[in-house]
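Down below is the structure, laid out as structure tokens.
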Amino acid sequence: MRRVESQNALNGTVRVPGDKSASHRALMLSALAAGESTIEGLSPGLDVSATSHIMVQLGAVRRDETGTVHITGPTSGLRASSQALQCGNSGTTIRLVSGIVSSIEGVHRLEGDASLSRRPMDRVAVPLNLMGSSVTGEGPRITAPLEIHGTSGLRGIEYQVANPSAQVKSAILLAGLSANSITTVHEAVRTRTTTEDMLRQAGVSVVSTDMAAGRSVVLTPGRPRPQVWRVPTDPSQAAFFCVLGLIHARADIEVLDVEDSPERIGFVHVLSRMGADITTSQAASGVTLHARSSQLHCTELHSSEIPSVDEAPILTVAAAAAHGVSAFRDMGELRLKESDRFEGSMALARLLGCRVWSEGDDFYVEGVGGAQHFAPFAINAGLDHRIVMSSAVAGTAGRGCDIDGADTVSSSYPGFFDDLASLR
Ligand code: S3P
């Protein structure tokens, strides 16, 4: 159990860790390339370490220098490991590695922790099996442990992703690298472009066309080339400190050098609409976000504004501190994250003293009109790093909290509580 005390005033600057999405992909594309790549700013989280271990198990070589990681991909390509591939808590690891090993001859076993083993893998199994892989798991939703029979004879497919997901899109594109024809992925909502951008940087032909709210991505098979990767900092982690700066009664917080692609930075627009005093200024890499104490008012927010809905739990805390009823629309995907964040976000708002209710995939939060009115609370974070950080923000701005399972924060942000303490 970790105690989080309420604070009188918060002031300072934070640099959040390297983006988890870009970190996973930097390791994977480096391992797939023939020769040595360099990665600067890799996320220190356990999720990314899981990916790193797996790349080494498959034949890549890792060498660390201060602040820099060198990955050498074998010229002859990755090969199957006789040991199970441990994906830990990380959905990105298991889904993207499924795509990679689908094209590696042999049998691959992918395992996860209790949280990951509850999450549906049918969303990657179905397209990968269409490409000629054989992905099997437990039950109708194909949960981990997964057994994958990889083949060097994958076929390119044209595939419409049912529930827009960067992980599913990426798994298909990574498998498509060694398919015998082009692969096309259609998504109805534009999700983060990390995979496409980094593949392009590594010399692979990826053509994206935006249409209406969605996007089509066409990948021509090819091998990534070794690169120097500079990982930007993680906007979804920056969101915690922005909301803290806004809902705390006496706060002034700057978050440095945040990646600001349209699919990642939607939370800033949502907060601005809520009346937040949040400014963005161009920085050397990305933007600096500056958040100052604000009286927030309610808003209506659709999942497509924050694709992948990573920021929904912390925006729930913002809504809890606002005046009026906020509506969170089309949030069904939240149920399939590290924990059921649909129920978890509502439960957190309820603990803070809000009236909360749901209708189908929408939920509503009636704010208490300021974090000073939050109730003190105790919560079990249920192996979910974002529930830990959202709770810690609410407790710091409000009247304190106790978090059971706070260590789970290490999956993405081991230094979170130190960075939080540095603002006192
Ligand atoms: C991620 C995709 C997202 C997100 C996760 C990271 C990625 O999930 O929740 O934190 O790196 O591709 P979706 O697959 O639902 O978009």
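Since the structure is predicted, the reported quantities are computational estimates derived from the model, not experimental observations. The residues of the chain are indexed from 1 along the displayed sequence.
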Just so I know, are the side chains of [X] and [Y] near enough to count as touching, which here means a heavy-atom distance under 4.5 Å?
X	Y	value
Thr143	Met121	no
Leu174	Leu29	yes
Thr233	Pro17	no
Thr13	Leu256	yes
Leu244	Leu423	yes
Pro414	Val409	no
Ser52	Arg62	yes
Pro74	Leu78	yes

(message) Using side chain to side chain contact (heavy atoms under 4.5 Å, CB included), reason through Thr92 and Ser21 one step at a time and then give a plain yes or no.
(response) CA-CA 8 Å; Thr92 307; Ser21 295; 5.5 Å; no

Identify the two heavy atoms, one from [X] and one from [Y], that lie closest to each other, and give their separation to 0.1 Å.
X	Y	value
Ala276	Leu246	CB-CD1, 3.5 Å
Ala291	Cys242	CB-O, 3.5 Å
Val107	Ala80	O-CB, 4.5 Å
Ala392	Phe417	CB-CE2, 3.8 Å
Gly59	Arg79	CA-NH2, 3.9 Å
Asp310	Arg192	OD2-NH2, 2.9 Å

In Å and rounded to the nearest 0.5 Å, what is the [atom1] to [atom2] distance from [X] to [Y]?
X	Y	atom1	atom2	value
Asp384	Ser411	CG	OG	8.0 Å
Ser391	Arg386	OG	CZ	13.5 Å
Ser98	Ile172	OG	CD1	11.5 Å
Ile39	Arg25	CD1	CZ	13.0 Å
Leu128	Asp122	CG	CG	11.5 Å
Ser294	His248	OG	NE2	13.0 Å

Taking [X] first and then [Y], would you say they form a salt bridge - that is, a charged N and a carboxylate O separated by under 4.0 Å?
X	Y	result
Glu187	Lys169	yes
Glu305	Arg273	yes
Glu311	Arg341	no
Asp419	Arg15	no

(message) Looking only at the aromatic ring of each residue, does the gap between the centers of Phe267 and Phe240 stay below 6.0 angstrom?
(response)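 No, ring centres 6.0 Å or more apart.
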
(request) Would you please indicate yes or no on a ring centroid separation below 6.0 angstrom for Tyr364 and Phe328? (result)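 No, they do not, as the ring centres are separated by 6.0 Å or more.
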
(request) Apply the test side chain to side chain donor-acceptor pair (under 3.5 Å) to residues His186 and Ser216: give CA-CA distance (whole Å), side-chain angles for both, the deciding distance (0.1 Å), then the verdict. (result) CA-CA 4 Å; His186 305 289; Ser216 292; 2.6 Å; yes

(request) Check the pair Leu116, Arg118 against side chain to side chain contact (heavy atoms under 4.5 Å, CB included), reporting the backbone distance first and the verdict last. (result) CA-CA 5 Å; Leu116 189 57; Arg118 283 193 295 267; over 6 Å; no

(message) I'd like to know whether Gln237 forms a side chain to side chain donor-acceptor pair (under 3.5 Å) with Ser412, so could you lay out the CA-CA distance, the side-chain angles of the two residues, the decisive distance to 0.1 Å, and finally the verdict.
(response) CA-CA 9 Å; Gln237 309 287 22; Ser412 68; 3.0 Å; yes

When you measure from the side chain of [X] to the backbone of [Y], do you find a donor-acceptor pair of N or O atoms at a distance under 3.5 Å?
X	Y	value
Arg3	Ile403	no
His302	Met331	no
Ser165	Gln167	yes
Ser37	Gln227	yes
Thr191	Pro164	no
Ser345	Phe342	no
Ser133	Asn129	no
Thr194	Ala22	no
Arg399	Phe374	yes
Lys337	Ser308	yes

(message) Test salt bridge (charged side-chain N to carboxylate O under 4.0 Å, His left out) on Glu338 and Arg119; report intermediate values, then the result.
(response) CA-CA 8 Å; Glu338 285 83 333; Arg119 300 176 66 184; 3.8 Å; yes

(request) Only one of Asn180, Thr151, Ile157 passes side chain to side chain contact (heavy atoms under 4.5 Å, CB included) with Met131; say which it is. (result)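 That would be Ile157.
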
(request) Using the salt bridge (charged side-chain N to carboxylate O under 4.0 Å, His left out) rule, take Arg109 and Glu147 through it: C-alpha gap first, then chi angles, then the decisive distance, then the call. (result) CA-CA 5 Å; Arg109 188 178 162 86; Glu147 186 171 291; 5.1 Å; no

(message) One pair to check against side chain to side chain donor-acceptor pair (under 3.5 Å): Ser326 and Thr299. What are the steps and the verdict?
(response) CA-CA 5 Å; Ser326 290; Thr299 192; over 6 Å; no

(request) Could I get the full list of side chain to side chain donor-acceptor pair (under 3.5 Å) partners for Asn380, not counting sequence neighbours? (result)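 Not a single residue meets the side chain to side chain donor-acceptor pair (under 3.5 Å) criterion with Asn380.
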
(request) Sequence neighbours left out, what pairs pass salt bridge (charged side-chain N to carboxylate O under 4.0 Å, His left out) with at least one residue falling in residues 363-377? (result)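 Those involving residues 363-377 are Arg355-Glu366.
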
(message) Applying side chain to side chain contact (heavy atoms under 4.5 Å, CB included) to Asp47 and Asn89, what does each step give before you reach the verdict?
(response) CA-CA 6 Å; Asp47 284 8; Asn89 190 247; 3.9 Å; yes

(request) Check step by step if salt bridge (charged side-chain N to carboxylate O under 4.0 Å, His left out) holds for Arg2 and Asp404. (result) CA-CA 6 Å; Arg2 179 165 195 130; Asp404 198 4; over 6 Å; no

(request) Before giving the answer on salt bridge (charged side-chain N to carboxylate O under 4.0 Å, His left out), spell out for Lys20 and Asp234 the whole-Å C-alpha distance, their side-chain angles and the decisive distance to 0.1 Å. (result) CA-CA 7 Å; Lys20 201 152 65 82; Asp234 192 326; over 6 Å; no

(request) Go through the steps for Asp402 and Val4 under the test side chain to side chain contact (heavy atoms under 4.5 Å, CB included), then give the verdict. (result) CA-CA 6 Å; Asp402 291 295; Val4 175; over 6 Å; no

